[in-house]
Amino acid sequence: MIRSELSAVLRSDVIEGAKALLGATIVKGELRAMIVETEAYRSSDDAASHAFRGRTPRNQVMFGEPGRAYVYFNYGVHWMLNVTAHDEGEAAAVLIRAAVPLAGLETMRERRRGLPDRQLLSGPGKLTRGFDISQAENGLDLLSDGGPLSIEPSTAPLTFVSGPRVGIAVGKGHETPWRFMSEAHLEWVSRPIA
DNA sequence: AAAATGATGCTCT
DNA sequence: GAGCATCATTTTC
């Protein structure tokens, strides 16, 4: 897959976008990692989505162009990295939940002393800590070549499994199976399938 | 092995 | 003032 194809998928359907991002590579300087777990969040029809209640200062980048970084702070502790989807004005985003480190392992290990490699990026908060992603990266175009933070599309589609999204209360969209994981990398994922 | 808890702060009502 | 798209540590079976 090339960048323009990934861009088109994200623009048309956030669910397909979440699947297409499996196997893609996150690049930030010398750091590289392959995405193996994602979740799709839609708009007015998805009570679990930040965009459900309309545009706010926090979620405004979800309403902008697809393929941008939507980064927000959660639980007073963690930054979360999302990739925006759907056309301008129609908000949706894919939460990046876990990745397999490919390059820059030394830096990631230093940032997370004592963790085995499999758990360096096995969770949305851990991933942003390993990559040092925070407020500064919010709104960046992830599909432009050579940007400070970018995503390289996967070369071939990965076989995946799906399940309910993590941390969603009953009645708020817990029943939709919009969490996707690479079947070959379940050991690198944030938590086992339910 | 699983469940409970505390850390810690921003966003929206 | 309540509620979070979490994580690591501690406590309990």
Side-chain angles (χ1 to χ4, degrees), chain A residues 10 13-15 17-19 21-22 24 26 33 35-64 66 68-86 90-101 108-139 142 151 160-182 186-194:
Chain A
L10 283 168
D13 184 355
V14 67
I15 310 290
K19 298 173 188 170
L21 282 170
L22 294 174
I26 312 176
I35 297 169
V36 294
E37 180 181 358
T38 60
E39 280 177 3
Y41 288 86
R42 295 171 45 129
S43 184
S44 50
D45 59 345
D46 182 3
S49 172
H50 284 178
F52 183 65
R53 292 169 201 287
R55 188 190 293 244
T56 69
R58 174 175 64 165
N59 68 20
Q60 57 160 326
V61 349
M62 285 182 81
F63 288 82
R68 311 291 268 249
Y70 169 42
V71 184
Y72 70 91
F73 198 53
N74 199 22
Y75 290 107
V77 183
H78 299 291
W79 293 96
M80 302 280 140
L81 171 65
N82 300 254
V83 181
T84 61
H86 289 186
E90 190 186 329
V94 178
L95 172 66
I96 309 300
R97 289 192 54 91
V100 176
M108 296 176 192
R109 289 187 192 117
E110 274 172 34
R111 293 215 247 259
R112 265 330 179 71
R113 232 176 242 294
L115 271 191
D117 289 355
R118 302 203 148 183
Q119 293 170 31
L120 282 176
L121 306 175
S122 63
K126 297 156 104 176
L127 184 140
T128 54
R129 189 148 2 151
F131 269 77
D132 191 28
I133 289 169
S134 66
Q135 182 67 2
E137 280 74 26
N138 191 38
L142 297 173
I151 288 183
F160 61 86
V161 294
S162 58
R165 293 175 293 179
V166 175
I168 308 300
V170 173
K172 300 249 177 163
H174 68 289
E175 69 284 349
T176 48
W178 290 345
R179 176 189 183 208
F180 304 103
M181 293 153 279
S182 164
L186 292 179
E187 306 292 316
W188 302 80
V189 134
S190 61
R191 39 191 290 192
I193 330 151

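Order of the sequence lines sets the chain letters (A, B, ...), proteins ahead of strands, with each chain counted from 1.
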Tell me whether the ring of A:F73 lies stacked over the B:dG9 base, given a 5.5 Å limit on centroids and a 30° limit on the plane angle. no
Residues pairing under salt bridge (Lys or Arg N to Asp or Glu O under 4.0 Å) where one sits in residues 53-64 of chain A, two or more places apart or in two chains, turn out to be none
Atom OH of A:Y41 and atom P of C:dC4 are separated, to the nearest Å, by 12 Å
note: A:Y70, atom OH; B:dT11, atom P; distance rounded to Å ~ 9 Å
The side chain to side chain donor-acceptor pair (under 3.5 Å) partners of A:S162 (sequence neighbours excluded) come to none
Separation of B:dT11 atom P from A:R55 atom CZ, nearest Å, is 17 Å
The side chain to side chain donor-acceptor pair (under 3.5 Å) partners of A:H86 (sequence neighbours excluded) come to A:E90
Across all chains, not counting sequence neighbours, the salt bridge (Lys or Arg N to Asp or Glu O under 4.0 Å) partners of A:R112 are none
Do A:E37 and A:S182 pair up side chain to side chain, a donor and an acceptor below 3.5 Å, judged on atom types alone?
no
A:F52 atom CZ is separated from B:dT11 atom C1', nearest whole Å, by 17 Å
Here the distance between atom C1' of C:dG3 and atom CG of A:N59, to the nearest Å, is 16 Å
Sorted by chain and residue number, the salt bridge (Lys or Arg N to Asp or Glu O under 4.0 Å) partners of A:D46 (sequence neighbours excluded) come out as A:R165
Rounded to whole Å, CZ of A:R53 lies from P of C:dG3 at a distance of 12 Å
Residues at least two apart in sequence or cross-chain that pass side chain to side chain donor-acceptor pair (under 3.5 Å) with A:R191, listed by chain then number, are none
Symbol by symbol from the 5' end, with Watson-Crick or G-U pairs under 3.5 Å, [ ] crossing and | another strand, DNA chain B is |||||||.||||.
Residue pairs meeting side-chain hydrogen bond (donor to acceptor under 3.5 Å, both in side chains), one or both in residues 121-134 of chain A, sequence neighbours left out, come to A:S122-A:K126
Mutual orientation of the aromatic rings belonging to A:Y72 and A:H50 [parallel < 30°, tilted 30-60°, perpendicular > 60°]
perpendicular
Q: Answer with base, sugar-phosphate or nothing: what part of the nucleic acid does A:R58 contact at a heavy-atom distance below 4.0 Å?
A: sugar-phosphate
In 5'-to-3' order, the base (B), backbone-only (S) or no-contact (-) status of each nucleotide in nucleotides 6-13 of chain C, using a 4.0 angstrom heavy-atom cut-off, is BSS-----
Whole-Å distance, A:W79 CH2 to B:dT11 P, equals 8 Å
